[in-house]
2 protein chains.
Amino acid sequence: MVVTIKDVAKEAQVHMSTVSRAFSMPHRLRPETRIKVLEAARRLGYRPSRVARALTTGRTHNIGFIVADIANPFFPPMIKAAEHAARARDYHLFIADASEDPAIETELVGALAKQVDGVVLCAPRIANAKIERLSEDIPIALVNRKMAGVPSVTMDVVQGARTAIEHLLELGHRRLAYVAGPRQSWTNTQISRTVHSVAEDRASVTVLGPNTPNENAGFTVADAIARAGVTAVLAYNDLLAIGLMEGLHNLGVDVPGDVSVIGVDDTVLARLARPRLTTIVVPTADAGTSAVDLLLQYTASDDLAARTAGHVSLPTQLVVRDSTAPPPNSAS
Amino acid sequence: MVVTIKDVAKEAQVHMSTVSRAFSMPHRLRPETRIKVLEAARRLGYRPSRVARALTTGRTHNIGFIVADIANPFFPPMIKAAEHAARARDYHLFIADASEDPAIETELVGALAKQVDGVVLCAPRIANAKIERLSEDIPIALVNRKMAGVPSVTMDVVQGARTAIEHLLELGHRRLAYVAGPRQSWTNTQISRTVHSVAEDRASVTVLGPNTPNENAGFTVADAIARAGVTAVLAYNDLLAIGLMEGLHNLGVDVPGDVSVIGVDDTVLARLARPRLTTIVVPTADAGTSAVDLLLQYTASDDLAARTAGHVSLPTQLVVRDSTAPPPNSAS
DNA sequence: TAAAATTACGCAAACGATTGCAGGGCGGTC
DNA sequence: GACCGCCCTGCAATCGTTTGCGTAATTTTA
């Protein structure tokens, strides 16, 4: 029913191995036989079986791509870019959604391991130690996490958070809050540290969290923010920030009149929200592309000892919109 | 390096075939040997190779999932649901992004065909005839397209569009516009027809398009809308609607004061946009789940003749928010 | 033009599982 | 107590490629 290499061999009156070579090492064939084979293949509509090929070569030409939550608008552009990059190199992408759960995440790399050449973990929620262990079984590349010996791409959120806080300080804010994300998130740690170190003795900072990074959690935390007596807040991501803004609006707290809000990611939502959200732009698409590049580059060398784990750090920047303003009584 | 069925066989002192059976047909084994094997497998950390298994059985336990544009917020919830549904049945998902291009879409199913048991085409942009041809090579399930002999799930957008238009008519609008989506989109055809048939002699309807279904296109079309002298518009999807609203705002046209706008999909964006977008809610997640269910059910029977292509139609409904109001001089 | 070097291609053994077939052991029946 | 049948497990072919090895064919070199 399906046409195999053997059919092509018969059609072209050569041996299977010659057909195989016509595809994988064309230059080792006499031009006329190569043409004869390719012609026969075309005639029969032959497509090599990637499965069979994978079995002998040990390379599936597939990549696993695990994200915390596909529905979080932070990820789709990254997935899209990664998928295109992979395809350009004749790779295909398995997508899996870990539902923000470390256990599922771990399980997923195990499940995928046998049918991919490597997996990229996006914003992983699992511990470094476990990643280390997993990466002994299968090449792993990380997005938004940094680990020695593991290829990774991070977004320089420290830089972004620094300018964000400086922005708030310049506006005159002295009582800040950080609405934290998931505890296991590397980005969360980075931002949190930066907020503290930049504010230092120039402003107080209250931390609220950890939170699941979605709008609901943001909405819920609004109450605590209102009571915390802060005039500005940086949220772990846009989703939390937007939920928070809704929550505050709901409580009659004006943004940015009473409280300024800054998000992170610059997802589509940020421009749309009212007030338009001041946020930190992160290059998600670039991250997706770089991640598959690094992974492929890492898996390229066959002897494991020689493997070199590249790292790339992507710049971020603050985009000021309408959700930030001077604190309430700064005019008085 | 990797542990194979042979290693387990040696460890458990049985033949490979016994190991194989311990997994695929446990009941055919004496309990003690089964335990012995499973125990050995566990000790060695054995995981069957899905690749090798695929080669003999002919079933990869993978599904291809092709969407027009991952970055369109319409798709992520669908992908997420589909991925979860697939995983629950021990299937994995290949995601591919066709970039709204029929040629790429066709190419993708070809590329994926050899390593999946079937592919679901979401909101396909390719012609029926071609789908028909493709589905001879590989089982296909459709989302938002209906074809005899091909499993499919559609969202009853006719129902949704009807109520949307009725809503506008009730508000008093008499000059309507439909901002069309991609020509090849089945949904687009459905909506367009419905708009005409419902409006009929109760209102005029201008069609603008086709358009690529993104915000940019919506923004661009604003000018034409402003000039068309219409008081209400239904857009092919939320993206177009939101872009249009921005464009109108930019031209000093008030929504909904001067022009009412309705979208389709109820993506996250609809609630966030200002004014909040009146739109047609479509059950994307259900569609994702149903699609893989139908596909798997379709591929279940081995003899092709007996295959039966199921179809499910999912209900939609209008959610009225702030982007619709009576036409301008209805008060005068 | 014969020997040497190279090239082109066939042969067959993998890769890691599944599965129809068959044989050995054991219990039940007459 | 011999025979029949079932249950359990081993044997080996198979899925569709790749690839090291060898040999025949061709080209290069002297």
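Chain letters run A, B, ... following the sequence lines, proteins first and then strands; every chain starts at 1. What you see is a predicted model, and the numbers here were worked out from it, not measured in a lab.
When rounded to the nearest whole Å, the span between CG of Leu55(B) and P of dT19(C) equals 12 Å. Atom pair Met25(B):CE and dT9(D):C1' shows a separation of 13 Å (rounding to whole Å applied). The interatomic distance linking Gln115(B) (CD) with dG16(D) (P) rounds to 16 Å, in whole Å. With rounding to whole Å, His61(A) atom NE2 is found 11 Å from dT18(D) atom P. For the pair Arg28(A) CZ and dC21(D) P, the interatomic distance rounds to 14 Å; values are reported in whole Å. With rounding to whole Å, Leu29(A) atom CG is found 19 Å from dA24(D) atom P. In this structure, the NZ atom of Lys6(B) is 15 Å from the P atom of dG10(D), given to the nearest Å. Taking atom NZ of Lys114(B) as the reference point, atom C1' of dT17(D) lies 12 Å away to the nearest angstrom.
At a threshold of 4.0 Å, the pair Asp69(B)-Arg125(B) does not count as salt-bridged, since none of the basic side-chain nitrogens sits closer than that to a carboxylate oxygen. With salt bridges taken as basic N to acidic carboxylate O contacts below 4.0 Å, none links Glu83(A) and Lys80(A). The existence of a salt bridge linking Lys36(A) and Glu32(A) is excluded, since no basic side-chain nitrogen approaches an acidic carboxylate oxygen closer than 4.0 Å.
Arg50(B) comes within contact range of no nucleotide atom at all, as no heavy-atom separation falls under 4.0 Å. If you check every strand for non-hydrogen atoms under 4.0 Å, Val51(B) touches nothing. Using a 4.0 Å heavy-atom distance criterion, Ser20(A) is classed as a base contact. Backbone-only engagement by Thr4(B) is indicated by non-hydrogen atom pairs under 4.0 Å involving sugar-phosphate atoms exclusively. In this structure, Val14(A) reaches the sugar-phosphate backbone alone: every heavy-atom distance under 4.0 Å involves primed, P, OP1 or OP2 atoms, never a base. Nucleic acid contact for Phe23(B): none, since no nucleic acid atom lies under 4.0 Å from a heavy atom of the residue.
Checking the phosphate oxygens (OP1, OP2) of dG16(C), no side-chain nitrogen or oxygen of Arg53(B) falls inside 4.0 Å. Contact check, Arg30(B) against dT9(D): a side-chain N or O comes under 4.0 Å of OP1 or OP2. For dT9(D), the OP1/OP2 oxygens have no side-chain nitrogen or oxygen of His15(B) closer than 4.0 Å. Look at Thr56(B) and you won't find any side-chain N or O under 4.0 angstrom from OP1 or OP2 of dT14(D). Within the structure, a side-chain polar atom (N or O) of Thr33(A) is placed less than 4.0 Å from OP1 or OP2 of dC9(C).
Put simply, the side chain of Val312(A) does not reach to within 4.5 Å of the side chain of Asp293(A), judged on heavy atoms.
Under the 6.0 Å cut-off for aromatic ring centres, Phe94(B) and Phe94(A) qualify, their centroids lying closer than that.
With rounding to the nearest 0.5 angstrom, the CE atom of Met78(B) is 5.5 Å from the CE atom of Met155(B).
Judged by distance alone, with hydrogens and angles left aside, Arg21(B) brings a side-chain donor or acceptor within reach of the base of dG10(D), the pair sitting under 3.5 Å.
Between His27(A) and Pro48(B), it is His27(A) whose nearest contact on DNA chain C lies nearer the 5' terminus. The nearest heavy atom of DNA chain D to Arg34(B) and to Tyr46(A) marks one nucleotide each, and the one closer to the 5' end goes with Arg34(B). Each of Ser17(A) and Gln13(B) lies near DNA chain D, and the nucleotide nearest Gln13(B) is the one positioned closer to the 5' end.
When distances are taken from the side chain of Thr18(A) to each of dT18(C), dC11(D), dC9(C), the shortest belongs to dC9(C). Counting only heavy atoms from C-beta on, Met16(A) has its side chain closest to dT17(D) among dC9(C), dT17(D), dC15(C).
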